[in-house]
Amino acid sequence: MKRTHRCGEVSKQHVGEEVCLQGWVWHRRDMGGLIFIDLRDRAGFVQCVFDPSRAPDSHAVAHEWRSEYVVQIEGKVVERTPENVNPNLPNGDIEVQVLSGELLALAETPSFVIEEDSRASEDLRLKQRFLDLRRPPLQRALRLRHELGLAARNLLDEHGFYEIETPMLTRSTPEGARDYLVPSRIHPGKFYALPQSPQLFKQLLMISGYDRYFQIARCFRDEDLRSDRQPEFTQIDIEMSFVTAADVRQVTETLVERLLEVSGHSGQVRFGELSFPEAIDRYGSDRPDLRIRQELCDVTEAFVDSGFRAFAQAAALEGNAIKALRVPGGGAWGRTRFDKLTDEAKKAGAKGLVWIKLNDGAFTSPVAKFLGDAALQDLATRTGALDGDAILLVADEWEVAATSLGVLRSQLAASEGWIGDGMQFVWVTEFPLLKRSDEHGRYVARHHPFTNPVPEDLDLLEQDPLAVRAQSYDLVLNGVELGGGSIRIHRADVQERVFRAMGIEAQEASEKFGFLLRALTFGAPPHGGIALGFDRIVMMMAGLKSLRDVIAFPKTTSAADLMMEAPGDATPDQLEDLHIAVRVQTEVGADPPDEGV
RNA sequence: GGGGCCGUGGUGCAGCCUGGUUAACACGCCGGCCUGUCAAGCCGGAGAUCGCGGGUUCAACUCCCGUCGGCCCCGCCA
């Protein structure tokens, strides 16, 4: 007999039916007489009853079954008697009375228990990912991932997009992250690079007239990892011709609304908008978490004529600011707590942190004596600080002052429970086109070098490059950057000016991006697009905190695959073919390399 | 590249600071009892020399150094 249903799909509507189920033995409860087995598959599980008086053969078989055996049962779906109903289970009102059972495959005792919330350490689970993937949370996450990917494809198709694949073996381009390189056998000494994103290809597709493109594209970046960063990850990559930033954002919002719907986040979503300066000024971050209500205040004015020399001087300087953050309840905190906050602020670039406590109408602060009561009262009014609160202050260059307090804002929000519920989407726009790079000693693109400047800022490119705004936009959800995009440069002359502003001369530009510059001379439509981090979207929609929980076979923080034992050694023959000599530092006492598989 | 935390039966942890008994506990596993359990229960049992290497010491799971691996963070990355 063939399988008739998935275990988790058997429900009250099947009562009376004869079914054949196949799946894994999950929990087995042997009463001596009756044996209960929860038979599990990707759809869920169902309780199967083996009754020695009704079907002695199958009962004897089930007696031998153990966890994770793969088995087949045939039986009848019956309603449970009222006292035996388990209301906590989706199908706890029914069970399968087994008539016959057959073993399909034995299983070793799993090295960790397959359960909803595993207690096993993550590296063990990663080593035996095939077992970990049996756990319901992983099964739900990968199902959701499938559904979101499918929904994205369908929606983009409905909006006239073509899904077009672009190469995985491509060439290294300057700017951006470190590339993963692939040596060429046929071209000795040359390397392909795995794409950091399909950026250039999608622009070329626009130039070729494909009008609307998307791809659920794998991207690779050889940088150090975090819980929200994997060396290979997936983007929903979108590009459109003859559009403005508003058009791209409109499509993106429609897409995100569909994805919310599919993942069960019903209700209206608002997409807020903040300019980059506003985001920095109010939240101290270019990806603010708007679930946190506390905002930064600008109190520069309060210090202009203040008796606190250090701050008065800072306030007087052009481009500087004094930013304040009100900490509800901070009045009760001790010295140590503020010292720790000061350390954090310094790590974030601030020169220091000033704190003021307000208790019973009186101010306490290391700098209280320099300020005087009137000034302190003024500060309290400006920040809205109440009795029992504290105020944190940083004086510095405007962006440094704001972002260092922004770091404290996020940290305090996490520790003090300031984070509200919901999905707070916000577009961050008007990013500066360029930023200073200490590493390169010149300006580099904040987004990427093909981002179109705001037209009215174009002439600032030569005079005041940092003041040039980009036609770019980031989509932020609850403090997590879901994606970003821009309107691209579609004129060769503008592209050359931008390269020049970044200190890339015409010859260098043509060496590195010649194909793009050439393509731009053959009739490029105005175009723009966006790339959304698909893994992050799934993570957020599933309410999870780690990307590893929404990727079937993720890598560790050292970019290793513990199950495959990747990366692995290459054989001398392979290296020979690739014209590669390996120079590894072998240290005395170091472990010998693993045997591998 | 830097900082922090962790590594003890199959799994998760206690012990380590204040070196010295049979390395505790829970889950899992094995066996027994049990016909309505659903994280089944009760009884019994097996199972670790403490990531690896070196050092200190009469003696190291415990102290020191190094190393490997995992996680988190900064730098990096969009």
Side-chain angles (χ1 to χ4, degrees), chain A residues 26-38 45-54 59 66-68 80-89 91-92 95 108-128 131 175-179 196-197 199 219-231 233 235 286-287 343-344 346-349 407 411 428 431 435 437-439 445-448 451 472 474-476 480-486 530-533 536 545-546 548 555-558 560 562 565 587-594:
Chain A
W26 203 12
H27 308 113
R28 174 173 167 283
R29 296 176 291 276
D30 188 340
M31 305 282 103
L34 288 178
I35 295 175
F36 298 95
I37 280 177
D38 293 333
F45 69 96
V46 66
Q47 172 165 287
C48 303
V49 193
F50 297 76
D51 187 335
S53 64
R54 193 177 282 115
H59 179 270
R66 294 294 181 270
S67 287
E68 300 306 309
R80 298 197 198 177
T81 57
E83 67 273 20
N84 290 327
V85 167
N86 185 339
N88 302 317
L89 303 178
N91 54 8
E95 63 194 6
E108 299 272 320
T109 300
S111 39
F112 57 93
V113 183
I114 311 299
E115 56 194 336
E116 178 76 20
D117 295 307
S118 182
R119 281 162 290 184
S121 66
E122 191 165 18
D123 62 319
L124 176 69
R125 290 189 283 121
L126 288 172
K127 271 178 197 146
Q128 301 192 31
L131 290 182
E175 310 290 317
R178 193 180 293 115
D179 288 309
Q196 296 178 23
S197 82
Q199 184 59 38
C219 307
F220 305 84
R221 291 176 189 161
D222 189 2
E223 296 291 348
D224 288 345
L225 309 178
R226 292 286 187 285
S227 51
D228 62 349
R229 264 164 32 192
Q230 281 274 310
F233 60 100
Q235 288 185 343
D286 60 0
R287 48 179 177 88
D343 288 344
E344 292 297 329
K346 283 181 177 166
K347 265 200 233 165
V407 168
Q411 289 183 357
V428 180
F431 281 87
K435 64 179 177 186
S437 165
D438 296 332
E439 187 193 340
R446 194 181 266 265
H447 184 55
H448 59 57
T451 303
S472 69
D474 275 5
L475 182 59
V476 175
V480 173
E481 187 200 328
L482 284 191
S486 62
I530 192 166
L532 299 167
R536 284 187 183 175
K545 290 190 199 70
S546 171
R548 292 186 294 272
K555 293 189 173 53
T556 66
T557 43
S558 62
L562 296 180
E565 298 186 337
E587 287 169 39
V588 182
D591 287 340
D594 280 353

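A, B, ... follow the sequence lines: proteins, then strands. Residue 1 opens every chain.
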> Are A:P231 and A:R221 close enough that some pair of their side-chain heavy atoms sits under 4.5 Å apart?
Replying inline: no
> Under the ring pair (Phe, Tyr, Trp, His ring centres under 6.0 Å) test, which residues partner A:H448, sequence neighbours left out?
Replying inline: A:F450
> Any side-chain N or O of A:T109 less than 4.0 Å from the OP1 or OP2 oxygen of B:U11?
Replying inline: no
> Can you tell if the side chain of A:D123 reaches within under 4.5 Å of the side chain of A:T556, non-hydrogen atoms only?
Replying inline: no
> Is any side-chain nitrogen or oxygen of A:R29 closer than 4.0 Å to OP1 or OP2 of B:U37?
Replying inline: no
Using atom names, set out every protein N or O paired with an N or O of nucleotides 12-15 of chain B below 3.5 Å, distance rounded to 0.1 Å.
{"from": "B:G12", "atom 1": "OP1", "to": "A:S121", "atom 2": "N", "distance (Å)": "2.9"}
{"from": "B:G12", "atom 1": "OP1", "to": "A:S121", "atom 2": "OG", "distance (Å)": "2.8"}

> Side-chain contact, heavy-atom cut-off 4.5 Å: A:H59 with A:I35?
Replying inline: yes
> What does A:I35 touch in the nucleic acid at a heavy-atom separation under 4.0 angstrom: a base, only the sugar-phosphate, or nothing?
Replying inline: nothing
> OP1 or OP2 of B:C72 less than 4.0 angstrom from a side-chain nitrogen or oxygen of A:R548, does that happen here?
Replying inline: yes
> For A:D30, what residues pass the salt bridge (charged side-chain N to carboxylate O under 4.0 Å, His left out) criterion, not counting sequence neighbours?
Replying inline: A:R28
>> Need to verify one output field. Residue with the more 5' nearest nucleotide on RNA chain B, A:G33 or A:E481?
In response: A:G33
> Per the atom types in the model, does the base of B:G10 pair as donor or acceptor with the side chain of A:E108 at under 3.5 Å?
Replying inline: no
> Rounded to the Å, how far apart are A:M31 CE and B:C38 P?
Replying inline: 7 Å
> Can you name the residues that form a side chain to side chain donor-acceptor pair (under 3.5 Å) with A:Q230, not counting sequence neighbours?
Replying inline: none
> Do A:F112 and A:R119 have side-chain heavy atoms sitting under 4.5 Å apart?
Replying inline: no
> If you pin A:R446 and A:N86 to their nearest nucleotides in RNA chain B, which one's is more 5'?
Replying inline: A:N86
>> Can you list everything that forms a side chain to side chain donor-acceptor pair (under 3.5 Å) with A:D224? Sequence neighbours excluded, please.
In response: none
Got a list of protein N/O to nucleotides 31-33 of chain B N/O distances below 3.5 Å?
{"from": "B:G31", "atom 1": "OP2", "to": "A:R66", "atom 2": "NH2", "distance (Å)": "3.2"}

>> So, under a plain 3.5 Å distance rule, would you say the side chain of A:R221 forms a donor-acceptor pair with the base of B:C77?
In response: no
> Can you tell if the side chain of A:E68 reaches within under 4.5 Å of the side chain of A:I114, non-hydrogen atoms only?
Replying inline: yes
>> Is there aromatic stacking of A:F36 on B:U37 here, judged by a ring-centre distance under 5.5 Å and a plane angle under 30°?
In response: yes
>> Checking A:E83 now: which residues fulfil salt bridge (charged side-chain N to carboxylate O under 4.0 Å, His left out) with it, not counting sequence neighbours?
In response: none
> What does A:G92 touch in the nucleic acid at a heavy-atom separation under 4.0 angstrom: a base, only the sugar-phosphate, or nothing?
Replying inline: nothing
>> Would you say A:S558 places a side-chain N or O within less than 4.0 Å of OP1 or OP2 belonging to B:G70?
In response: yes
Set out, line by line, the N/O atom pairs under 3.5 Å between protein and nucleotides 1-3 of chain B.
{"from": "B:G1", "atom 1": "O6", "to": "A:D224", "atom 2": "OD2", "distance (Å)": "3.2"}

> Looking at residues at least two apart in the chain, or sitting in another chain, which of them share a salt bridge (charged side-chain N to carboxylate O under 4.0 Å, His left out) with A:D228?
Replying inline: A:R536
> How would you label the contact of A:N88 with the nucleic acid (heavy atoms, under 4.0 Å): base, sugar-phosphate, or nothing?
Replying inline: nothing
>> Checking side-chain polar atoms at under 3.5 Å, does A:Q128 have a donor or acceptor matched by the opposite partner on A:S111?
In response: yes
> Residues in salt bridge (charged side-chain N to carboxylate O under 4.0 Å, His left out) with A:R66, at least two apart?
Replying inline: none
> For A:S546, which residues count as a side chain to side chain donor-acceptor pair (under 3.5 Å) partner, sequence neighbours excluded?
Replying inline: none
>> With rounding to the nearest 0.5 angstrom, report the OG to CG distance, A:S118 to A:L124.
In response: 8.0 Å
> So what does A:E344 hit on the nucleic acid, given a heavy-atom distance under 4.0 Å: a base, only sugar-phosphate, or nothing?
Replying inline: nothing
> When all nucleic acid strands are considered with a 4.0 Å heavy-atom cut-off, which category describes A:S118: base, sugar-phosphate, or nothing?
Replying inline: nothing
>> At 4.0 Å (heavy atoms only), tell me whether A:R80 reaches a base, stays on the sugar-phosphate, or touches nothing.
In response: base
> Do A:R54 and B:U35 share a donor-acceptor pair, side chain to base, under 3.5 Å?
Replying inline: no
Using atom names, set out every protein N or O paired with an N or O of nucleotides 42-48 of chain B below 3.5 Å, distance rounded to 0.1 Å.
none

